[in-house]
Structure formats: C-alpha cells, structure tokens
Amino acid sequence: MFTKQVFACAAAALLSTGAIGTAVASDWKPTQPIEYIAPANPGGGWDTLIRTTARVLQEEGIAQQNFAPINIPGGGGAVAWAQIAAKKGNPHTMFAASPPIILVPLSGASRFNHKDFTPVARLITDYSILLVRADSPHQSAAELFEAIKANPALSVGGGSAPGSMDHISVAGAAAAAGVEPARLNYIAFSGGGEAMTNLLGGHVAAVITGAGEASAQLQGGQLRALAVSAPERMAALPEVPTYVEQGIDFTFDIWRGIMGPPDMPEAAVRYYEDMYQRMMQTEGWAKARDQLGWIDAYQSSAEFGEFLDGQLEQFSGVLGDLGLIRR
Amino acid sequence: MEAFESLLYGFSVALQPANIMYVFLGVFAGTIIGMLPGLGPISALALMIPITFSMNPASGLILMSGVYYGAIFGGSTSSILLNAPGVAGTVATSFDGFPLAKQGKAGKALALAAWASFIGGTISVIGLMLVAPALASVAVSFGPAEYFSLMLLGLTAVVSLSERSLVKGLISAVFGIMVAIVGIDRQTGTQRYTFDSLHFLQGIDFLVVALGVFALAEVFVMLLQGRDAKGHAKQVLGSLKLSRQEVKEIAGPVGRSSIQGFFVGVLPGAGATIASFLAYITEKRIAKDGNTFGKGNIKGVAAPEAANNAACGGSFVPLLTLGVPGSGSTAVLLGALLVMGVTPGPMMLEQRPDVFWGVIASMYLGNIFLLVLNLPLIPYIARILEVPRPMLLALIIVFCMIGVYGLKFTAFDLYLLLAFGLIGLLMRLNGFPLAPMILALILGDLMEENMRRALQISGGDWMTFIEKPISATLIAIALVSLIVPPLLRGIRAARTRLREAG
Amino acid sequence: MKALNANRVLGVLIAALSLVYLYAAYQIPTFPIPRPIDSDAFPKVLGLVMLGLSVWLFFERPEARGDEAALSLGEQARRWLPVVVTASAIAIYAASLQTLGFVLASFLLVAGLTWFYGYRRHLVNAAVALAVPLFLYLMMTRLMTIHLPRGLLPF
C-alpha cells in the first residue's frame, strides 16, 4: 500500500506535468521541476508551508510542473539564503519566507536580506500570543507589563534566540506598554514547544508563541491567553483580547510568503503570483488552511515587496531599542 | 480498569485490517531505513506527510510512528556489524556490539539487540498506556535547572568511561564539549568558532563525529594493522541463541534500562540518544564486571538497545498529551498530525481517543512484527561480514559517506567526516578513550545551554540549582557517584594492606 | 624518565592548541544586553581546563607501548601508506561528488579502494561497486525523492 501510494503520487505528478494548464495570465511557463526550498529542517513553519502548498498545487492541478520540496537547514535560514542568492535569475527556484528573512540579517547572521531576493507572493499570516498559566495572578497584558516594571526579574520565554521573531514580538509590546525593552527578561528556548512545557511547569512567568500553535493548549484549560498581536480579535480565538484593546498600541504579523532568487524574470513572477492566487481559491487550500489554523493574507509581488520594506523599518526600530543591530 | 477498556478500544482501532497493514508497512519500512546508512527516520517521515494527508489520522499516525520506532529498532544492525551507527540513538550500542561481532558473536549481539529492543519497546507501550496522562506533569517538571543537573549527572560518567588514564579521558571530554559548542549560540545568537563559514552555523552534526571517530577510524586502524587482522572469516555469525545464564544476566539491565529509557524519553529535552547513553553508563557503573564494558559485554548491548526503544515510546507522551515534540522526528510527526487535522494536546484524549489509543495499541503489534521480522533476517544480514575484507572496508567507507552526505547534502560534511576519522585514529593510537568525547558531545551543549537559561531566569543566582528539589537530588546523585567509587576502592585497598600487614 | 616521552609531546601539543582556542574565545563578541553568563564564558573555561589538563598529561608517566617505535622509517611509511591513500581518496570523492555524480563517484571509490586493498577478482569487484551505489541511488531518488547529485550520468 505504501509503495502503491508513492507510485500514485509519482503518477499524479507525471500526469499534472503533462496536463494542459488552464488559461494563464502570462505567456511564461516553468519548463522544469521547481526546487521548492524550506530553509529549515522538516517539521517547522516553513516546511509545513512548502509541503502543504506543493501538495495543494499538485492535487488541484494548478501546477504544470512538479514542486519538489527540499529542506536546507542551517543558521536560521542563512545557509539556504546563501545558496539561493547564487542562483541569480533562476525561475525554477523558490523558497518559503517569514519575518526571520528580515531579522536574521539585521542581527548580523546573514549577508543576504530580503532586498537580495524577489518577492513572489505573501500567502498567510498568524499572530503572536502572550500566555500565562491559568493560576497566574496576571489577568491582562497590561497587568503583566506593570508587574514586570515593578519586578524586572519576571521571565518571558520564547522559542528562538534573542533578537529573533518571538523576542521582537514581546519586546515590541513591552515597549509600547512602557517597559524598557532591553530590561525585559527574555528566556530563549530551542523551540516553541520547549517554551510551552516550561510555562506549564512554572519555570517561566509567561510565554510568547504563535497563536496557531497555542490553540490546543488553550483548549486544555491549563493556560490563559493575555493578548494577541492582531489588529482585531481573531476568529479562531474570539475570547482573547488584542493589545490595542488593552491600550497597548502594538500589532505584529507572523506572515509567511514565497520568494525567489535575485532578479527572477518578471514573467516568471507574474506566472507564480497568479498561480498562488488561484491556488488560494481552491477547496483543497481552504481545508488545509483551516486545519493548520492559518489566515489568508495574500499579497501580490509588488505589494509584498512594499510590505517587506515596512517590516524592515518596524523591526529595525525594535532591534535598535534593544541594542541588537549588528550589521 | 479504565486503562484496560481504553486499550481494548485501541485494539479495536489497531486491529482493523487496513491498520494492521499500516503497522506492518510502517515498521518494515522503518527497520530497513534504520539499517541502511544515510537514511534517518526524519527524512523518511517528512516524505510521508503528503502520503498520510488523505488518510484517516489514526491510520496515518500508526504508519508514521511505525517508521519511527522501526528505524530505532533496525538502527542497531550497522552499529553492531560495521561500527557505523545509522541512527544517532544506536551509537552507544556499538561500544559493545562491535567488539562482540569482532569476537565472532555477531549473531548473538544482533539477537540480543532485537530482544532488548522488543522488551524496551513493549515496556514503554505499557508505560504509555498506564501512565501517559499522568506523566505529562513529569515532562513539565523539568525546567532548565533540572536539565542542567541531569546533564551534569550524565557527564560524571566520563570518569568511569576513562579506562586507563583519567587525564586522557578528561581531555577527550573537554574536546567533545568544544566540538559541541561550535555554531550559533542559541542564548544570544552569537557565532562561536564558525570561522565566518556558513557550514558551521548550525554546528557540527553528532552523526558526522560518531561515524568519523568510530567507523572511519576503525577502518584506518584495520588498515594500519595490515594483513594479519584478516583472521575472522568463517564463524563470523556465531550462534543466535542466548544461554540461560546470559538471559539471567541481561534481565536486570534490560528491565532497568527500559524503565529508565522510558522516563528519559518522556522528557522533551532528552530523547533516545541520551537515554541509551545514560542506560549504558548506569549499567557499566553498577555491574560487577563493569570493566569489561566496551570489550564485548552483552549487557553493554542490551542496556542501550532497551533504553533507546523505550525512550522512543516515551517520547509519545509529550507529543500526544502536551502537543510538544521532544525531537526532530517527533516534530515531523506533530507536523503530520496538524496537517491531518488533529491537534495533539491536553484535549486529545477526549477529542481523538481513536488516534491516541489506536496508536498505542498498534505499538504492541508493531513491536511483535519487528521481532518476527528481524530475528529470522539476522543470518542473512550478518552475511555482510562474509564479504571479502578489502571490499567490506571500501563499502563501509562509502556507507559512512552516504550517511553523512544525507544529513545536510553538503560535500563539506564529508571533509569533516574525514577530519574526525583522522582525529579518531590519532586518539586511539595515543590511548585517548572515545566514549567520553561522544558523551560530552551529546550532553555538553545541553548542559551549557540549560545552565545559562536557568541563571538567566534566576537573575544570576546559582542557588537555583540547589533550591529546586529535583535538581538538588540529581546533583547529589552526581556527587555521590563521583565520590563513592574511589572511596570504596580506597577502603578496599586499605583493608587488603591491613590484612597483608597482618 | 626520558625527557621526550609520548605524553610530553602530546602535552605540549595540546597546550599549544588550547592557547589558540583561548585566543579565539577572547574574540567572541559580548552580547549587547547583559547576561549572567555570556557566550564567551564557557569557551574560556574550556580552554583553561584544557590547558590545565595538558600540564597534567605532561607530567603523567606514559603507559608502556608496544615495539612499534622500533620500526624503521621505511617500515612506518609502508604501514601508513593505506591510510594516506584512503584519506586522499575520501577527499577526492568529496571534491568530485558534484561533478561526477553520486553513482559514478561511489563506483570509483569502492572499486578503486577494493582493488588497492588487494582484492583481485575484478569482475566481482566492478559488479558490486556498481550495484550497491546504484541500488541506494535509485532507492533514494526514485522511491523517496531525496535529491542526490546526478553528475555525468543521464539519470
């Protein structure tokens, strides 16, 4: 059965390769399989995005070529970026991107930043969520930050190193609430899961993580969510207030999108941009998206590029306050 | 007997014909992946995500977890036969498994590994069934301070692993930590000893070092010894049977290691590799014939094999009850479950009992399948030792290369492998023991990381390690295990001297 | 005690390496936000401990060694030749893997080394050296869609 399924998959891939595509906006078409890169190990956010989109594109018959998922882990993405940056103008390579593509270069760990690559499309977004244990005395984000002002030793855990996404998203909120960000006692764990067990075990006072990851724990009733970084309450978590509601002027998007190598041909960008837009209208996508707790946030290549520049400005501000810009 | 009813329900899921087939296919694919060099369970699991997507979640997880524990089960084969561990969790198995094979007892070592794996796996399934929900609290009770103390306790074994010269053992261990520290420091994002090269950003992979200093260095040593080592040709396999005496001997170690391995597996920060090492050093310490560990002691094969399979089962506790993956492989399992629309976590028992109990029940089946699959295969697999020596050496080298290349797909790691092969050769020629280095490599960076994390939480107060009861207990055990053996030895020596003086 | 025994040589060598390691440890930048223990602390401690251990080793009496030191220079060279050749072969394999491709490079490595180690049934050698890599290659690339360098071969 196993081999049969593999065979079926391979057959499907072959079929869709040969199938006649539906009307496409641009004349350009990919002529070989696409190297579809997750700049990390299997199992994480980038990897899930790559594998899920590859599958939906194939199953819905939108892809005219095979999208072959490839994992290139290392350096928080830097290893993959260096390889992709060398493929100037290659229209058959794309990779998953999210805030680290801006943050990692700012902290000095990558020579390449988002300006070295071609934005193709932003696809989805998630928000960060601030959690405490159900028995914690802190009832709101505002209260927690007040408590931190009084006692800076209170620790907030996150799943990545200082200066990376989790840290920025809590330090930014803290700053907006009047806490000096550099004094926030941020504890870096080696993943969101590890941070979560440490919160459950009472080893840290609070944890910052992605709202999608936290939903199961919230259902269990052992944790309480103090705030989400969305502009409005999230449909999946209607009872959790936003920072803005609590008088803390802060929003933070954990967006994910697809980018290509430097100087990707204009026609190829048009083609893929359109392909993703069509993919996101399919039933298969809707099902996968809901199962994974993602929120559609499509932007075309041009919009995505502008958005990225805006992100760079926002992150530089927070990282600057923290004293963590090392370029 | 609520657990019993739940298990019955689980079997009603697992025994559906389709699911029986998935268990079988999963463990079959897993064992083969584990035996083959170059394929870890992670890449195999990742490839299965698209296949399982359209499956019923219970079937999907049954299939994927079969691959996962099947790979750990089969991973011992190349450790024993070729000294070339295919999976990180079976490195400790090679310490005594390979010497056994060299003595012409490969069949015994392989059979032993299969039985120990089976028992370890089965005990962990029983553990899962009885106490999984309750164990969630054990998993979360370990914070940074506790992990630091656990790693410290593990590292005290360097002394007993040092063989003849303590100072050389310590040098090996410090070298191991030095290797572990290379890469981006997760506490600050600072690069350490990366020489501004992208290749070092993620650190040096454990398997590169293990394959280098064990398998490749072994090849070099054989080459240095030249023709005279051509000896062991015919009775390479030896008997598969264990004598009653031997069964008695390993019963204790297997039982202890299974339980210990299960609990270590439950801790999200530990996993099969650490479990197997801890079991190995515990048994070495408490065995009367501890000094023959590393030279082909059957307990040295049984203990790590029982432990790594038990840990594999234990790692399902945090995965299913907390939704927290403890290792790379379980992270992929978590991802697959999410894609299938099941969110593991505290509510899973109520929301998806079919997945929870079905997978646990399927593991009983899977372990039996693995035993039945593996035992009859041993004579055939061990044939690899009958390959003419020149060709076997060349094949071992290629297997190492594939194993390493398959980790990150960069040729750079092949040069690293060569470097560690030469380092391993030099260490062996000069009497530096390898086990302390490997142990320090596994535990060293976890120790540093958790120590710094704990101090960051406590605001730099070192008392945190003593104020927490679990951490304090672990440190106390560590101190005792350092102080007591030399003390006992001293007393014994003094007594004999007294008696002689008379 | 002879002035130049194995442990003395090793001790001096390891001490030198520890000093290099320590020097590099002092180059690790300080983290902008104060930490109780910064990234450089552990490497510095490790370097110092290694330095101390090398002194200990220097003064430890070496174990009695076999008579290999008695071998003449020529004999030593002959003994080490297979190791040097193997190491070079591995390096060449690593360097040529991308261009030659996995199957071809592995074939050359296995067949070449097997021959060098003294196996003389060339046909068997060639068959095995081709079959094993080919089997692994097909399994990984076809069944599991793991990418391995294709190199000069057309598939």
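Here the structure is a predicted model, which means the values were calculated and not measured. Excluded from the calculations below are hydrogen atoms, water molecules and symmetry mates; all remaining heavy atoms, backbone and side chain alike, are included.
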I need the Trp56(C) CH2 to Ile171(B) CD1 distance, nearest 0.5 Å.
9.0 Å
Reported CG-to-CD1 distance for the pair Asn430(B) and Ile14(C), which is rounded to 0.5 angstrom
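Reported value, rounded in 0.5 Å steps: 8.5 Å.
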Toward chain B, the part of [X] with a non-hydrogen atom under 4.5 Å:
{"X": "Ala25(C)", "result": "both"}
{"X": "Ala89(C)", "result": "neither"}
{"X": "Leu46(C)", "result": "both"}
{"X": "Leu97(C)", "result": "side chain"}
{"X": "Asn7(C)", "result": "side chain"}
{"X": "Gln98(C)", "result": "side chain"}
{"X": "Tyr119(C)", "result": "both"}

Please classify the contact of [X] with chain C as side chain, backbone, both or neither, using a heavy-atom distance under 4.5 Å.
{"X": "Leu455(B)", "value": "both"}
{"X": "Phe195(B)", "value": "neither"}
{"X": "Phe409(B)", "value": "side chain"}
{"X": "Gln187(B)", "value": "backbone"}

Can you name the nearest heavy-atom pair linking [X] to [Y], along with the distance?
{"X": "Ile90(C)", "Y": "Met401(B)", "value": "CG2-CE, 3.4 Å"}
{"X": "Tyr21(C)", "Y": "Tyr193(B)", "value": "O-OH, 2.9 Å"}
{"X": "Ser39(C)", "Y": "Thr188(B)", "value": "OG-OG1, 2.7 Å"}
{"X": "Arg452(B)", "Y": "Asp38(C)", "value": "NH2-C, 3.6 Å"}
{"X": "Glu60(C)", "Y": "Ser165(B)", "value": "OE1-OG, 3.1 Å"}
{"X": "Gly460(B)", "Y": "Pro36(C)", "value": "CA-CB, 3.9 Å"}

Could you have a look at [options] and say which one has the most heavy-atom pairs with chain C under 4.5 angstrom?
{"options": "Tyr415(B), Phe412(B), Phe175(B)", "result": "Tyr415(B)"}
{"options": "Asp461(B), Val398(B), Leu417(B)", "result": "Val398(B)"}
{"options": "Met451(B), Gln191(B), Met178(B)", "result": "Met178(B)"}
{"options": "Leu392(B), Val221(B), Leu414(B)", "result": "Leu414(B)"}

Within 6.0 Å of CZ in Arg120(C), more than 12 heavy atoms from elsewhere:
yes
Let's test your reading of the structure: which of Pro43(C), Ser106(C), Ala105(C) forms the most heavy-atom pairs below 4.5 Å with chain B?
Pro43(C)
Could you check which of Val83(C), Val110(C), Leu113(C) has the highest count of heavy-atom pairs closer than 4.5 Å to chain B?
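Most heavy-atom pairs within the cutoff with chain B belong to Val83(C).
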